[in-house]
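Start at 1 with the first residue, then count along the sequence. Ligands are counted one by one from 1 in listed order, and the atoms in each one are counted from 1 as well. Atom set for the values below is all heavy atoms of this structure, side chains included, hydrogens, waters and symmetry mates excluded.
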Amino acid sequence: MKILVVGGGGREHAIIKSLKKSPRVTEIFAAPGNGGIAADAVCTGIGAKDLDGITAFAKENAIDFAVVAPDDPLVLGAVDRLEAVGIPCFGPNKAAAILEGSKVFSKDLMKKYGIPTAQYEVFDDMEKALQYLKTAPIPTVVKADGLALGKGVTVAETREQAVEAVRACMEDKVFGESGSHIVIEEFLTGPEVSVLSFTDGNVVVPMVSSMDHKRVGDGDVGPNTGGMGTVAPNPYYTAEIAKRCMEEIFLPTMHAMNAEGRTFKGCLYFGLMLTPNGPKVIEYNCRFGDPETQVVLPLLESDLLTIMEATAKGTLAQTEVKFADKHACCVVLASNGYPKKYETGFPITIPDDLDAEVFVAGAKLEDGVLKTSGGRVLGVTATGDTLREAIDKAYAQAARVTFDNAYCRKDIGARALKAQNG
Ligand code: AMP
Ligand code: GLY
């Protein structure tokens with residue numbers, strides 16, 4: 001089968017490497033792909049948001065199945081466009097992708113269907129938002145309604161920070177139209193857990209849980225990033241909590257989307273906080289997480305293509321989705337300075353005998369040499385029988401992957417280890 005994967009980051013590289021294990025896959029194309037993905041797929045260079053280009057390419061090249069991985073094309077309706085020309089897809093259609101595309105939609109959905117989440121107010125008028133902030137409990141959380149490259153959320157520790165965030169969204173329009181509506185919500189506390197799931201609108205099949213490390217610095221300090229590393233499974237996510245999440249969050253979300261006429265098919269990502277009052281939804285994503293995917297898919301033992309096809313067809317209940325009873329750790333190597341200013345163009349050396357998987361995010365090929373081209377450059381993932389083993393191996397192997405100005409957190413998995421050891 002000829003597969004097209006839309007996207008060009010570490011997540012897409014992990015999806016492609018996993019799909020390559022399927023005996024039925026003959027060729028994989030990526031749109032756009034990147035310099036590292038080029039080792040595993042044909043990179044088309046077509047932009048992930050170029051829906052005309054993607055649809056035309058898929059038709060001309062007789063693509064049998066497409067996987068749309070990033071949020072932007074999903075929210076823009078890439079799946080609707082591909083299906084309209086007869087190409088089966090993995091990913092939600094536009095009507096369902098709104099679950100991530102609009103925080104106002106997702107908050108209102110949770111309220112309507114009694115799904116646990118932070119209390120909130122919605123504003124489309126800045127003066128009213130500022131008025132509300134005069135008496136709102138602090139800390140508080142300000143969220144731009146639409147997609148904002150993961151930067152639309154401000155956890156405000158003071159009233160001034162909250163006011164600044166509201167003004168940035170609604171006056172300075174730093175997120176464009178995404179910030180013309182905002183959500184101001186209750187500040188929650190507790191460990192965070194990422195649960196990616198497959199859902200076809202009939203069942204929800206959770207993947208192994210994971211833990212992201214969003215802040216740039218060791219000890220969770222500094223600005224938020226796209227994610228500096230992950231471990232799976234997440235030790236906070238016990239079998240008992242998993243059962244509760246299925247009953248109180250996962251199935252109610254699937255039923256709510258069905259009831260709204262927005263059946264969700266694809267990867268539904270639950271960003272959860274395990275608060276003293278039980279698990280609550282921090283955010284929904286309509287796609288695989290990055291870098292969660294880089295620890296989740298290496299633990300998948302079943303055939304990813306078969307699962308993705310079943311998700312699209314609605315036969316997930318009859319399909320095996322099995323994860324190894326092991327642990328995984330992904331350490332992201334970034335360009336020093338990320339998420340602020342950084343330099344690129346440095347050659348990357350990856351030893352042939354590396355005992356880990358490398359998922360490339362921000363690198364390009366120049367005259368056959370792989371060079372850094374982005375903030376997050378690549379992720380090194382190792383698996384082990386214990387969390388300790390996975391972490392130690394990931395760091396030992398990451399140290400063998402070199403480029404100038406490389407930066408990584410030194411404590412990926414440390415919090416998970418502590419939680420596990422009590
Ligand atoms: P997001 O961009 O939606 O993933 O949010 C970024 C981060 O902000 C989350 O991972 C949480 O750590 C934090 N956050 C979002 N909403 C809340 C909330 N209601 N209470 C506390 N922290 C939050
Ligand atoms: N790692 C968080 C996300 O993919 O949104």
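Protein residues having at least one heavy atom under 4.0 Å from any atom of ligand 1 are Lys103, Ala118, Val141, Lys143, Val153, Val155, Glu185, Glu186, Phe187, Leu188, Glu192, Lys214, Met273, Ile282, Glu283, listed by chain and number.
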Considering only distance and modelled atom types, tabulate donor-acceptor pairs under 3.5 Å from the side chains of residues 10-17, sequence neighbours left out.
from  : atom 1 : to     : atom 2 : distance (Å)
Arg11 : NH1    : Phe288 : O      : 2.9
Glu12 : OE1    : Gly9   : N      : 2.8
His13 : ND1    : Val360 : N      : 2.8
His13 : NE2    : Asp40  : OD2    : 2.8
Lys17 : NZ     : Val358 : O      : 3.3

Solution key, residues 413-422 side-chain donor-acceptor pairs under 3.5 Å, sequence neighbours excluded:
from   : atom 1 : to     : atom 2 : distance (Å)
Arg415 : NE     : Asp220 : OD2    : 3.1
Arg415 : NH2    : Asp220 : OD2    : 3.4
Asn421 : ND2    : Leu417 : O      : 3.1

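Atoms of ligand 2 found under 4.0 Å from any heavy atom of Gly289, numbered from 1 in the order shown, are 4 (O). The ligand atoms of ligand 2 that sit less than 4.0 angstrom from a heavy atom of Glu292 are 1 (N), 2 (C), 4 (O). Those atoms of ligand 2 that come under 4.0 Å of a heavy atom in Asp212, given as number and element, are 1 (N), 2 (C).
Although no hydrogens or angles enter the test, the distance criterion places a donor-acceptor pair under 3.5 Å between the side chain of Lys265 and the main chain of Ala312.
Residue contacts with ligand 2 for Arg11 are absent, since no atom lies close enough (heavy atoms, distance under 4.0 Å). With a heavy-atom cut-off of 4.0 Å, Met228 does not touch ligand 2 at all.
Checking only distances, Lys214 never comes within under 3.5 Å of ligand 2, N or O to N or O. Annotation: Glu283 places no N or O atom under 3.5 Å from an N or O atom of ligand 2; distance criterion only.
Salt-bridge annotation for Arg244 and Glu240: absent, with no side-chain N of the basic residue lying under 4.0 Å from a carboxylate O of the acidic one.
Using a 4.0 angstrom heavy-atom cutoff, Tyr269 counts as in contact with ligand 2.
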Would Arg215 and Val221 count as a side-chain contact (heavy atoms from CB on, under 4.5 Å) here? Give the steps. CA-CA 6 Å; Arg215 303 296 194 98; Val221 297; 5.7 Å; no
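Listed by first and then second residue, the ring pair (Phe, Tyr, Trp, His ring centres under 6.0 Å) pairs involving residues 257-284 are Phe250-Phe270, Phe270-Tyr284 (not counting sequence neighbours).
With 3.5 Å as the limit, one finds a donor-acceptor pair spanning the side chains of Asp108 and Tyr120.
Exactly one residue among Thr311, Val204, Leu251 makes a side chain to side chain contact (heavy atoms under 4.5 Å, CB included) with Thr199. That residue is Val204. A salt bridge (charged side-chain N to carboxylate O under 4.0 Å, His left out) with Lys107 is found for one member of Glu185, Glu186, Glu121 and no other, namely Glu185.
The protein heavy-atom contact nearest to atom 5 (O) of ligand 2 is Arg287 NH2, 2.9 Å.
Annotation for Cys330 and Ile412: closest pair O-CG2, 3.7 Å, computed over non-hydrogen atoms.
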